[in-house]
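Structure first, then comments.
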Amino acid sequence: MSVLATRLPRNLKSELEDKYKEYKLNFYRGENKDFPSKLLRDTIEANLAYGSEKEKATNERLVEPLVSLLKSYKGGRESHAHFVAKSLFEEYLAVEELFSDGIQSDVIETLRHQHSKDLQKVVDIVLSHQGVRNKAKLVTALMEKLVYPNPAAYRDLLVRFSSLNHKRYYKLALKASELLEQTKLSELRASIARSLSDLGMHKGEMTIKDSMEDLVSAPLPVEDALISLFDYSDPTVQQKVFETYISRLYQPLLVKDSIQMKFKESGAFALWEFSGGHVDTKNGQGAVLDRKRWGAMAVLKSLESARTAIVAALKDSAQHDSSEGNMMHIALLSAENENNISDNQAQQRMEKLTKILNDTSVANDLRAAGLKVISCIVQRDEARMPMRHSFLWSDEKSCYDEEQILRHVEPPLSALLELDKLKVKGYNEMKYTPSRDRQWHIYTLRNTDNPKMLHRVFFRTIVRQPNAGNKFTSAHIGDTEVGGPTESLSFTSNSILRSLMTAIEELELHAIRTGHSHMYLCILKEQKLLDLIPFSGSAIVDVGQDDATACSLLKSMALKIHELVGAQMHHLSVCQWEVKLKLDCDGPASGTWRVVTTNVTSHTCIVDIYREVEDTESQKLVYHSASSSAGPLHGVTLNNPYQPLSVIDLKRCSARNNRTTYCYDFPLAFETALQKSWQSNGSSVSEGSGNSKSYVKATELVFAEKHGSWGTPIIPMERPAGLNDIGMVAWILEMSTPEFPNGRQIIVVANDITFRAGSFGPREDAFFEAVTNLACERKLPLIYLAANSGARIGIADEVKSCFRVGWSDEGSPERGFQYIYLTEEDYARISSSVIAHKLQMDSGEIRWIIDSVVGKEDGLGVENIHGSAAIASAYSRAYEETFTLTFVTGRTVGIGAYLARLGIRCIQRLDQPIILTGFSALNKLLGREVYSSHMQLGGPKIMATNGVVHLTVSDDLEGVYNILMWLSYVPANIGGPLPITKPLDPPDRPVAYIPENTCDPRAAIRGIDDSQGKWLGGMFDKDSFVETFEGWAKTVVTGRAKLGGIPVGVIAVETQTMMQLIPADPGQLDSHERSVPRAGQVWFPDSATKTAQALLDFNREGLPLFILANWRGFSGGQRDLFEGILQAGSTIVENLRTYNQPAFVYIPMAGELRGGAWVVVDSKINPDRIECYAERTAKGNVLEPQGLIEIKFRSEELQDCMGRLDPELINLKAKLHGAKLGNGSLPDIESLQKSIEARTKQLLPLYTQIAIRFAELHDTSLRMAAKGVIKKVVDWEESRSFFYKRLRRRISEDVLAKEIRGIAGDNFTHQSAVELIKEWYFSQATTGCTEWDDDDAFVAWKDNPENYKGYIQKLRAQKVSQSLSDLADSSSDLEAFSQGLSTLLDKMDPSQRAKLVQEVKKVLG
């Protein structure tokens, strides 16, 4: 009002002030405390009704803030409080939802782009986010006070709160989720009350009975909702509630129609019968060994009536057998005046009930009735879980003692959940947490004496499978529904998946990152074998009833589920999940089965299938492996507690905590990736071999000696995983790949992140060097899996624990010290660890002053860097001698980062950095908090855009799959034949993609989908192109593809302008982010370097080369010259000059090649290897036509051309000439000159176009062919089939030339070898072909070795003859000849030796 007072209409202002004064007066008198919002609104509306439309509009805008305030008070002060709270919640979510799923630096970057014109808004959002903890406290307090009493009013906001996905929000998200569940529980309670009441009677009694059956099988917190209805006012409904509760607890053991109910003043009583045996599943025979037991329930209104009620219940049950195993439930209702019982109050009531149970007479009566277990429930308000305790009779204490492990769960259900197995050795504390929908029971085990010991979390649930028409399902579990029956999933799979998804949500919500979680699911209903088969519409499937069929179905079910949720589970540390289910069928498969799935990595798992079988000796049920190979649980008793974690489990958890895969699990990842590779290849080999085929055989490489170091050889060894005593492991992998079905070998070396954080010490360096040397020696591809913390750092612990300090003043240590020393005793013990000199004190004490600490252990300091230099050299050499590839699967630091670069080819996981120094160390160096994470320094945003990283992947399986993809282009042994496969894409297919104005490089290579979704093929095989360096120097496209199944390297040119983003460095306050445009078809320093690097890589890999040349030239600005454009361009020339494989330069359709760009790719650079071709529409010259006419068709020459060709100008010039000769008048001459100028000006644009067209005619591909700078003009549509034939021919030629040079020696050039092949080819009269350029004919000739076998033999003879001639020329060599011959004969086997001697005799003969 104070703001608006001077601007409001006078009448309105005075009326509002009068009303407010009246309210104020009444408020202080205590008469009416409600704010008069309606009265004030009516006053404003009445005043606004008068006046003109213009005045009304103005006044409405004026009073808008007032009206808004009054609206918020519409429902009174409480309504206003809700309005304010909601607006605060909205503000909180508006900021925090932005940061919920992303990395903070990425979110800020996105915000900066969104609000580039208002950066203050970004600052405000980030500052708000920095106060997230304090804000969360406020929001939580508001939820407690305002939301808790009425959560339904805030439902939409609570859903948003519960979706916040980061550990900083988990308490808030958990609170919101609990409040949401509270609203669902209230709805469920109301729904149950309606369904079980007489309101449904007009539809017949069956309606209530159906509702009861639906409730028994509904996957909802039905038990809690039913307990909250135990005190329902209507006795009929109350009876149905009790019956439903008992049926749900004892399904499927309850004897039908056995429940008897009695109602008394003190409460209600129920009695029923249930079967209490187990199923003997030995040999699949499902005979139930059952004996009837009885159960009783007493629902008490007060504690006072407990004793008499228990006695009465026992009296009623006297008619039944009193053998062991009977069950009693006692439920204590809350009094009518106790709506909100606190935890302490409920606990006190439970303790009083315990005392009554342990009263001597009561306890004796209970024990006599065969009641070993008694369940007690204390009812609380519907928002809180009822308190449940279970008491077991203890013979030692002669009383009923609470079993802690069974707290919170009713005894019949605890048996199904197998809670006894949670008594794991080494843990002394157990915490229980229910899931929000109370279907999962979560137990966290800790060791309070050893806090560092890994926590273990056990999830247990009973899977209830409601019928399709169950009315309690869809309305309530929509939030956790994974979707209806999926085509690819069976009925059972869907049930399991739905439960697992709920558990995964709980894990995410509770932010549990323990390192080891286990899930157990018990399916209640018997399953048919058809339930295990994926939905197939109306088709009737005939399925076998034997063990093998069931085993196969269960395994494929587990694998399919793992495929869907395995990655999430692995991320959340779920290491194993187990399903118990009972199959009901006619064959031997009938009985109880267990499916145990161990998550090894996010995409690989081990599935073990077991039967439940009774052991003949112990008479106990045990796990019995259903497959031929025994699983790890084979023969283990079912109720045995879970075992402590094995060393491998602990190491897997450690690796998972470092967000990578345990090194010994990578061979399994290679196996999984190879299966995927075979499937995508569509090969019959993989299908025919079945699931049992193993594609990978891994043999570990180890030092030949136990304490091996530098110079120790490495040997292959079969040994269990995890026995390594250094932080580096290696294998030779023999793999059956689609390219090499009979097998190829690669060497894999990996850091063990679980051994001293994967750091490099002297032994690790020695091992890495030995493995690298082996790969170079055998010419095998070397794959390095990097996850490390750089060179090892350490100090001598044996010295650290005992050194002393020589103080300047023994009495005043604060005055400083002079030296560090050892006592005589300590020096005698650890003298080898130090270099020290002796000092004798005046007191006679001998001190050994430490000059240097050497240390007992090798690997504390400089020796680690010394070793790092050795492996850097070895890996760099390996790049030149064999195929090297680094996969950054975990953070890689220091020497690890250098190795990633020295091996050149590098794949990086999106969430793992490549760094030289940690961000915190850099911050200390800079003296302020500059960098916030390792990813900021060396994440893919840096490394994938600067040329260090070729490919980025999201997880380890994708990384391994990309390694295999890369290897599919590489020979089995470097220098060997290319891995040529049968083409899936016909080589003679025309190129369907037709460039319009410019040539899209990726469409030209791999094809493109048109607007109708039809694929238009490019030059190379469909789906074969793998692009590398995608994020770096985007004006050039590089990668590997296949042409008719032949692997090739491809370099193409981007025609669009690309933006290069140069990030700001937080370490430099004056730096800022820059976005630099890079024109297409131009080489810049980075794109020229990328081209040169790709050429080097392709050449080392032995790949034929295709350059789709479409460059206008090099960028030659000042900055480009400063950044090294000349050096990069020169490197392209050098790498093409030394290229040793067939190379094709093709100017594609709508492409052009000019000036300096032509120079660096011309065939003259390497005439033996490079062939140049151009498409019919391609262009090439020194300059572009516009530039050429500026020099060679200047304005004067254009005017001469007009004067020569234009009739009007010819006529005007003739008249002017005549006028000048005939002494015409000056005005006539000037008029003619003006006419000529006007005509020239009019024609100039047209003749400029003519000149450009004339210049363009010098650029054509036909002129290029005529001048011999290209080999041939190749039409675009036919380019694929032409180059396929040409490539096959060039490869055949190369293979034969290589063989010739291998015989003749390296002095024999490639060109000489080709000339020799040409001579052999034409000398074959049988070929019937004299055309050297007929590629098909040459390949056919080469494919028949008989055509040149004789020539090769002759060449070998010439080589030996030449060697012997050279021998004869040297007398000293001739003297050594007999000795050399003798050595040769000794090495040969007897039959070969005899043959050689015979041949020599013939010659001498």
Side-chain angles (χ1 to χ4, degrees), residues 677 680-684 737-741 965 968-971 977-995 999 1001-1009 1014-1027 1039-1052 1098 1101-1108 1141-1149 1169-1176 1271-1296 1329 1331-1344:
S677 184
S680 62
N681 194 262
S683 173
S684 58
T737 69
E739 299 75 34
F740 297 96
M965 275 294 287
S968 71
Y969 298 94
V970 179
L978 285 168
I980 299 171
T981 53
K982 186 181 175 184
L984 299 175
D985 191 1
D988 54 357
R989 161 181 68 73
V991 178
Y993 162 70
I994 307 295
C999 181
R1002 291 174 185 84
I1005 295 167
R1006 66 184 171 212
I1008 195 171
D1009 289 329
K1014 182 189 173 190
W1015 182 66
L1016 305 174
M1019 268 185 68
F1020 299 93
D1021 294 356
K1022 187 178 182 181
D1023 299 331
S1024 73
F1025 180 60
V1026 178
E1027 187 175 349
R1040 290 151 189 76
K1042 290 190 177 181
L1043 179 58
I1046 304 169
V1048 295
V1050 184
I1051 297 172
F1098 297 157
E1101 291 166 32
L1103 293 177
L1105 172 68
F1106 277 85
I1107 299 177
L1108 301 186
Q1141 332 303 331
F1144 301 90
V1145 177
Y1146 180 50
I1147 310 173
M1149 192 174 189
R1169 303 292 184 176
I1170 301 173
E1171 291 180 357
C1172 290
Y1173 298 89
E1175 206 275 334
R1176 198 165 294 278
K1271 197 173 174 74
K1272 187 179 177 184
V1273 174
V1274 177
D1275 287 327
W1276 180 243
E1277 284 191 21
E1278 296 165 9
S1279 59
R1280 174 176 165 80
S1281 59
F1282 171 80
F1283 283 118
Y1284 170 67
K1285 290 174 183 176
R1286 190 73 196 139
L1287 178 62
R1288 280 180 70 216
R1289 188 269 169 63
R1290 292 283 306 279
I1291 289 172
S1292 297
E1293 214 173 78
D1294 264 28
V1295 168
L1296 196 49
C1329 179
E1331 280 293 324
W1332 172 245
D1333 287 336
D1334 187 335
D1335 296 333
D1336 287 341
F1338 179 83
V1339 171
W1341 177 83
K1342 156 70 178 64
D1343 285 348
N1344 182 5

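In what follows, residues are counted from 1 in the order of the sequence shown.
- In this structure, R1006 contributes its side chain and V1026 its backbone to no donor-acceptor pair below 3.5 Å.
- Residues M1019 and L1043 approach most closely at O-CD1, 3.4 Å, considering heavy atoms.
- Side-chain contact check for S968 versus P738: every heavy-atom pair is 4.5 Å or farther apart.
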Could you walk me through whether D1021 and K1042 pass salt bridge (Lys or Arg N to Asp or Glu O under 4.0 Å), step by step?
-> CA-CA 6 Å; D1021 294 356; K1042 290 190 177 181; over 6 Å; no
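- From D1023, atom CG reaches atom CG of L984 across 9.5 Å, with rounding to the nearest 0.5 Å.
- Counting heavy atoms from C-beta on, the side chains of Y1284 and I1046 come closer than 4.5 Å.
- Contact annotation: the side chain of R1040 approaches that of F1098 to within less than 4.5 Å [non-hydrogen atoms, C-beta and beyond].
- When atom types are taken as modelled, the side chain of E1175 and the backbone of W1276 share a donor-acceptor pair closer than 3.5 angstrom.
- Contact record, V1339 with S1292: CG2-OG, 4.0 Å, taken as the closest heavy-atom pair.
- Distance OH/Y969 to OG/S1024: 5.0 Å, rounded to 0.5 Å.
- Under a 3.5 Å cut-off, the side chain of R1280 and the backbone N or O of P986 do form a donor-acceptor pair.
- Within a 6.0 Å radius of CD in E1277, other residues, nucleotides and ligands contribute 12 heavy atoms or fewer.
- Taking all atoms of both residues into account, the shortest heavy-atom contact from E1101 to P971 is O-CD, 3.3 Å.
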Verdict with reasoning, F1338 to E1293, per side-chain contact (heavy atoms from CB on, under 4.5 Å) = CA-CA 9 Å; F1338 179 83; E1293 214 173 78; 4.2 Å; yes
Verdict with supporting geometry, L1103 and L978, side-chain contact (heavy atoms from CB on, under 4.5 Å) | CA-CA 8 Å; L1103 293 177; L978 285 168; 4.1 Å; yes
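- Scanning both residues, V1274 and S1279, for their nearest heavy atoms gives CG1-CA, 3.7 Å.
- Of all non-hydrogen atoms in P1104 and P1047, the two that sit nearest each other are CD-O, 3.2 Å.
- The distance from atom CG of N681 to atom OG1 of T737, rounded to the nearest 0.5 Å, is 9.0 Å.
- Because its NZ or CZ atom is not both nearer than 6.0 Å to the ring centre of Y1173 and within 45° of the ring axis, R1286 does not count as a cation-pi partner of that residue.
- Note that the CZ atom of R1169 and the CG atom of L1105 stand 12.0 Å from one another [nearest 0.5 Å].
- Residues P1142 and D1294 meet the side-chain proximity criterion, which asks for heavy atoms closer than 4.5 Å.
- Going from atom CG of L1016 over to atom CG of D1009 covers 7.5 Å, rounded to the nearest 0.5 Å.
- In this structure, the separation between CD on E739 and OG1 on T981 is 6.0 Å, given to the nearest 0.5 Å.
- Listed by chain and number, the residues in a ring pair (Phe, Tyr, Trp, His ring centres under 6.0 Å) with Y1146 are F1283 (sequence neighbours excluded).
- For the salt bridge (Lys or Arg N to Asp or Glu O under 4.0 Å) with R1289, the qualifying choice from D1335, D1333, D1336 is D1335, the only one to do so.
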Stepwise side-chain contact (heavy atoms from CB on, under 4.5 Å) test for E1027 and I1005 | CA-CA 10 Å; E1027 187 175 349; I1005 295 167; over 6 Å; no
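- Nearest heavy atom pair, residue A1041 against residue V1050, reads CB-CG2, 3.9 Å.
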